[in-house]
Participant: 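Below are the structure tokens for one structure; questions will follow.
Just so we're on the same page: letters track the sequence lines, and every chain starts at 1.
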Amino acid sequence: MPLDGGSILNYDSVMQLALERGFYFPSCEIYADAQAGFWEYGPSGVSVKAKFIELWRRELVRRDGMLEVDGAQIMSQSVFEASGHLASFADPVIKCRQCGSNYRADRLISEAAKIEIPESADLGDFDKTVLEKNIRCPKCKGEFDKARKFNMMFKVEIGPEAEPAYLRPETCQSIFVDFPRLFKTMRGKLPLGIAQIGKSFRNEISPRQSLLRLREFYQAEIEVFCNAAKLDDLDRFSEVRDTTIRLWINGELKAMSCQAAVETGVLPNRFVAYYLGILTEFYEKTGIDMARSRFRRLGEKEKAFYASIAFDFEVQTAIGWLELVACNYRSDYDLSSHAAKSKEKFEVLDDEQKVLPHVFEISMGIDRSIYTILEHSLRDEKENERIVLSIKPYLAPVHVGVLSLVKKDGLKEKTDEVYLKIKRRYDAFLDHSGAIGRRYRRLDEVGAPFAITVDHQTLEDNTVTLRQRDSMQQERIKISDIDSVLSASTAFP
RNA sequence: GCGGCCGUAGUAUAGCCUGGUAGUACGCUGGCCUUCCAAGCCCGUUACCCGGGUUCAAAUCCCGGCGGCCGCACCA
């Protein structure tokens, strides 16, 4: 499905761009013991990520009047006892004594003996069944060691006594834990969104594909606390009434307005529809091709252990459908477990009524979103002999290149002056060296939407050429107009 | 974690089988030239994933580790 004037590039092209132009690259790469699943953002990547986050704040946090927090990455063991991660964010595995192969205990038993044991069962139950049914390694017929739990959380030791704690596997736990204080001190009123951007950590067995499956990754999470009795009572639903959302239900795509989705019962209530609606409007502004996106309703077996209704926002990429956002209706799972464990009160007043809020979660993968923006924006324009990153101007790592047509005759000095005038307000890149066409190509590749070129005419009348990345067309503007032109065309929508 | 394939400058690769001076392209630095789209010329720069073994000699052969891609499984 080629876009106008260019073909869509694959994963390898995005990877090559990322390495060559400073978007992202492997962490600790000069050392042989560098582990997979850890990546650095380079200068271009940092710039895009910062702008992506700013867009997220504008379109979700500020739009909906959410509160944003920034919690600790290391959290106490009690948090994860209450959240269920210590018990459930783990797979039971058994290892063959002879050949060393590891298996998921529940799956192996189900296949070998046709007995279903839930993965959260006691480890002894697995051992007992393996022994009773004499289950042996499928590869070498060897005997198994005792079952153990492989927990995907990174454990850390605090202080000289090595008290156990964990790197958070999702950012939202601090939001739940902080909820009582935030609601009280920030004069909260249901429904209330609390948002957080930050790093999460998961000890993935097999991290892969650069930013797509990481052990250390960025999440932008939103937990909306609500009164479960009022899920259709939401005034601001009218803002998204006519917004089209693309729903994938039971193997079928249904594109419909939020209003229609609620009326036909495809979505359970206005509350869920509203948040899927504003999430759609946010992603439209990232430049991701929404025609290649969908909200997929998850079946019972796919849902996370805490979710009662779940939609994944997925996009089609070169490597297949990719999950960018998990939207889970977590009911009162989190607040009631933290209430029980901590003895803290989590009920709040809503219209004179005491309620334990329910939670709807919008859990966004930032790294995956950045990758998708790059992949969906990158084009190979054969006719112009260029690779161009047609990223939205407000997300571009470089807003504008500032170039001298040639270095001599005082053009270099004049160019430096122009650069000095704008570099605080924009991400500007100054370049004097090499052929002008080559410099334009470099800027195209890094996604700079504009290039300003100082030529001989500039010395006479103080005008410069302004080149548009996508059309390659140029116009002459006054130096004194540069700021207003850039300001208008790189502004967030 | 398992199976298959693979690892050489910033990037893409040749060389590996058959051990003996590591080559090419693009890029990048500087210079000449140049009045707007990867022009040309000159100069320069940068690499054998890590460790061990065999050998007079290892990018090359052997072993281990780490990493990458694909599949299985798992997930934001």
Participant: Expressed in whole Å, how much space separates the C1' atoms belonging to B:C33 and B:C43?
Facilitator: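 Nearest-Å result for B:C33 against B:C43 at atom C1': 15 Å.
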Participant: A:Ser210: what forms a side chain to side chain contact (heavy atoms under 4.5 Å, CB included) with it, not counting sequence neighbours?
Facilitator: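 Side chain to side chain contact (heavy atoms under 4.5 Å, CB included) list for A:Ser210, sorted by chain: A:Tyr11, A:Met15, A:Tyr24, A:Trp39.
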Participant: Tell me if the NZ atom of A:Lys478 is crowded by more than 12 foreign heavy atoms within 6.0 Å.
Facilitator: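 Incorrect, the count does not exceed 12.
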Participant: Tell me every residue that passes ring pair (Phe, Tyr, Trp, His ring centres under 6.0 Å) with A:Tyr440, counting only those two or more places apart in sequence or in another chain.
Facilitator: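 Ring pair (Phe, Tyr, Trp, His ring centres under 6.0 Å) list for A:Tyr440, sorted by chain: empty.
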Participant: Would you measure the distance from the C1' atom in B:A58 across to the matching atom in B:G19 and give it in whole Å?
Facilitator: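 Result for the C1' pair: 6 Å, nearest Å.
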Participant: Applying side chain to side chain contact (heavy atoms under 4.5 Å, CB included), name anything that partners A:Leu459, two or more places apart in sequence or on another chain.
Facilitator: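 In terms of side chain to side chain contact (heavy atoms under 4.5 Å, CB included), with neighbours along the sequence ignored, A:Leu459 is linked to A:Leu411, A:Lys414.
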Participant: Among all residues two or more places apart in sequence or in another chain, which pass the ring pair (Phe, Tyr, Trp, His ring centres under 6.0 Å) test with A:Phe429?
Facilitator: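 In terms of ring pair (Phe, Tyr, Trp, His ring centres under 6.0 Å), with neighbours along the sequence ignored, A:Phe429 is linked to no residue.
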Participant: Go through the N and O atoms of the side chain of A:Arg467 and the base of B:C37, and report whether any donor-acceptor pair is under 3.5 Å.
Facilitator: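 Flag set: donor-acceptor pair detected.
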Participant: For A:Ala396, which residues count as a side chain to side chain contact (heavy atoms under 4.5 Å, CB included) partner, sequence neighbours excluded?
Facilitator: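 Listed in chain order: A:Ile391, A:Pro449.
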Participant: Let me know the distance between CG of A:Leu298 and C1' of B:C75, rounded to the nearest Å.
Facilitator: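 Rounded to the whole Å, the gap is 12 Å.
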Participant: Please state whether the base of B:C75 and the side chain of A:Glu204 form at least one donor-acceptor pair under 3.5 Å?
Facilitator: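 Checked by distance alone, the answer is no.
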Participant: Over all strands shown, is A:Leu214 touching base, sugar-phosphate only, or nothing at heavy-atom distances under 4.0 angstrom?
Facilitator: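 It contacts base atoms.
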Participant: Quick check on the 6.0 Å ring-centre criterion: do A:Tyr329 and A:His358 meet it?
Facilitator: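 Centroid separation for A:Tyr329 and A:His358: below 6.0 Å.
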Participant: Return the orientation label for the A:His399 and A:Tyr426 ring planes: parallel under 30°, perpendicular over 60°, tilted otherwise.
Facilitator: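 A:His399 vs A:Tyr426 ring planes: perpendicular.
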Participant: Using atom CZ of A:Phe311 as one end and atom P of B:C75 as the other, report the distance to the nearest whole Å.
Facilitator: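 It works out to 19 Å between those atoms.
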Participant: For the C1' atoms, the ones on B:G71 and on B:C63, what distance do you get once it is rounded to whole angstrom?
Facilitator: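 My reading of the C1' atoms in B:G71 and B:C63 gives 27 Å.
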Participant: CZ of A:Arg202 versus P of B:A73: gap in Å, rounded?
Facilitator: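 Distance, rounded to whole Å: 19 Å.
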Participant: State which residues pass ring pair (Phe, Tyr, Trp, His ring centres under 6.0 Å) with A:Tyr218; sequence neighbours excluded, sorted by chain then number.
Facilitator: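 A:Tyr218: no ring pair (Phe, Tyr, Trp, His ring centres under 6.0 Å) contacts found.
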Participant: What's the gap between B:A9 and B:A47 when it is taken at their P atoms, as a whole Å value?
Facilitator: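 My reading of the P atoms in B:A9 and B:A47 gives 9 Å.
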Participant: Anything under 30° is parallel, anything over 60° is perpendicular, the rest tilted; go ahead and classify A:Phe176 against A:His338.
Facilitator: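 Rings of A:Phe176 and A:His338: tilted, 30 to 60°.
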Participant: Taking the six-membered ring of A:Trp248 as reference, does the cationic atom of A:Arg296 (NZ for Lys, CZ for Arg) lie under 6.0 Å from its centre and within 45° of its axis?
Facilitator: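 Not satisfied by the 6.0 Å and 45° rule.
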Participant: Report the residues that fulfil side chain to side chain contact (heavy atoms under 4.5 Å, CB included) with A:Arg386, sequence neighbours left out, ordered by chain and then residue number.
Facilitator: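 Testing A:Arg386 for side chain to side chain contact (heavy atoms under 4.5 Å, CB included), a comparison that skips the adjacent residues, returns A:Glu381, A:Asn384, A:Val388, A:Arg441, A:Asp444, A:Arg467, A:Met472.
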Participant: What one-letter contact string describes nucleotides 58-71 of chain B from 5' to 3', where B marks a base within less than 4.0 Å of any protein heavy atom, S marks contact via sugar-phosphate atoms alone, and - marks no contact?
Facilitator: --------SSSSBB
Participant: What is the distance, rounded to the nearest whole Å, between atom CG of A:Asp431 and atom C1' of B:G27?
Facilitator: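 These atoms are roughly 14 Å apart.
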Participant: Whole angstrom is fine here: how far is it from NE2 in A:His456 over to P in B:C36?
Facilitator: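 Rounding to the nearest Å, NE2 of A:His456 and P of B:C36 are 10 Å apart.
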Participant: For B:U29 versus B:U45, give the span between their C1' atoms, rounded off to a whole number of Å.
Facilitator: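 Each nucleotide's C1' atom is 7 Å from the other's.
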Participant: Should the ring pair A:Phe52 and A:Tyr283 be called parallel, tilted or perpendicular, given that the plane angle runs from 0 to 90° and is split at 30 and 60?
Facilitator: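 Aromatic pair A:Phe52/A:Tyr283 classed tilted.
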Participant: Distances under 3.5 Å only, N/O to N/O: pair up the protein atoms with those of nucleotides 38-42 of chain B.
Facilitator:
| unit_1 | atom_1 | unit_2 | atom_2 | d |
| --- | --- | --- | --- | --- |
| B:A38 | N7 | A:Glu385 | O | 2.6 |
| B:A38 | N6 | A:Glu445 | OE2 | 3.3 |
| B:A39 | OP1 | A:Arg438 | NH2 | 2.6 |

Participant: Using the P atoms only, state how far B:A59 lies from B:C16, rounded to an integer number of Å.
Facilitator: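 To the nearest whole Å, 14 Å.
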Participant: To the nearest Å, give me how far apart CG (A:Asn203) and P (B:A76) are.
Facilitator: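 After rounding, the gap between these two atoms is 16 Å.
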Participant: For nucleotides B:U21 and B:G68, find the distance between their C1' atoms and express it as a whole number of Å.
Facilitator: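 After rounding to an integer number of Å, I get 31 Å for this pair.
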Participant: So does A:Lys408 get a side-chain nitrogen or oxygen closer than 4.0 Å to the phosphate oxygens (OP1/OP2) of B:U34?
Facilitator: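 Yes.
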Participant: With rounding to the closest Å, how many angstrom separate the C1' atoms on B:G23 and B:U46?
Facilitator: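 Per the computed distance, 14 Å lies between those C1' atoms.
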Participant: What is the distance from CG of A:Leu403 to C1' of B:U34, rounded to the nearest Å?
Facilitator: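 After rounding, the reported distance stands at 15 Å.
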Participant: In whole angstrom, what separates A:Tyr283's OH from B:A76's C1'?
Facilitator: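 It works out to 10 Å between those atoms.
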Participant: Could you give the distance from CZ (A:Phe38) to SG (A:Cys28), rounded to the nearest 0.5 Å?
Facilitator: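 Between atom CZ of A:Phe38 and atom SG of A:Cys28 there are 8.5 Å.
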Participant: Using Watson-Crick or G-U wobble pairs with both distances under 3.5 Å, give me RNA chain B in dot-bracket, 5' to 3', with [ ] for crossers and | for pairs to another strand.
Facilitator: (((((((..((((......[..)))).(.(((.......))).)....(((((..]....))))))))))))....
Participant: Polar-atom pairs under 3.5 Å, protein N or O versus N or O of nucleotides 7-11 of chain B: list them with distances, or write none.
Facilitator:
| unit_1 | atom_1 | unit_2 | atom_2 | d |
| --- | --- | --- | --- | --- |
| B:U11 | O4' | A:Glu20 | OE2 | 3.0 |
| B:U11 | O2' | A:Gln16 | NE2 | 2.7 |
| B:U11 | O2' | A:Glu20 | OE2 | 3.4 |

Participant: Regarding B:A76, can its base be found pairing with the side chain of A:Arg168 as donor and acceptor, where the two atoms are less than 3.5 Å apart?
Facilitator: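 Result: no qualifying N/O pair found.
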Participant: Ring pair (Phe, Tyr, Trp, His ring centres under 6.0 Å) with A:Tyr275: which residues, sequence neighbours excluded?
Facilitator: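 Ring pair (Phe, Tyr, Trp, His ring centres under 6.0 Å) check on A:Tyr275 returns A:Phe271.
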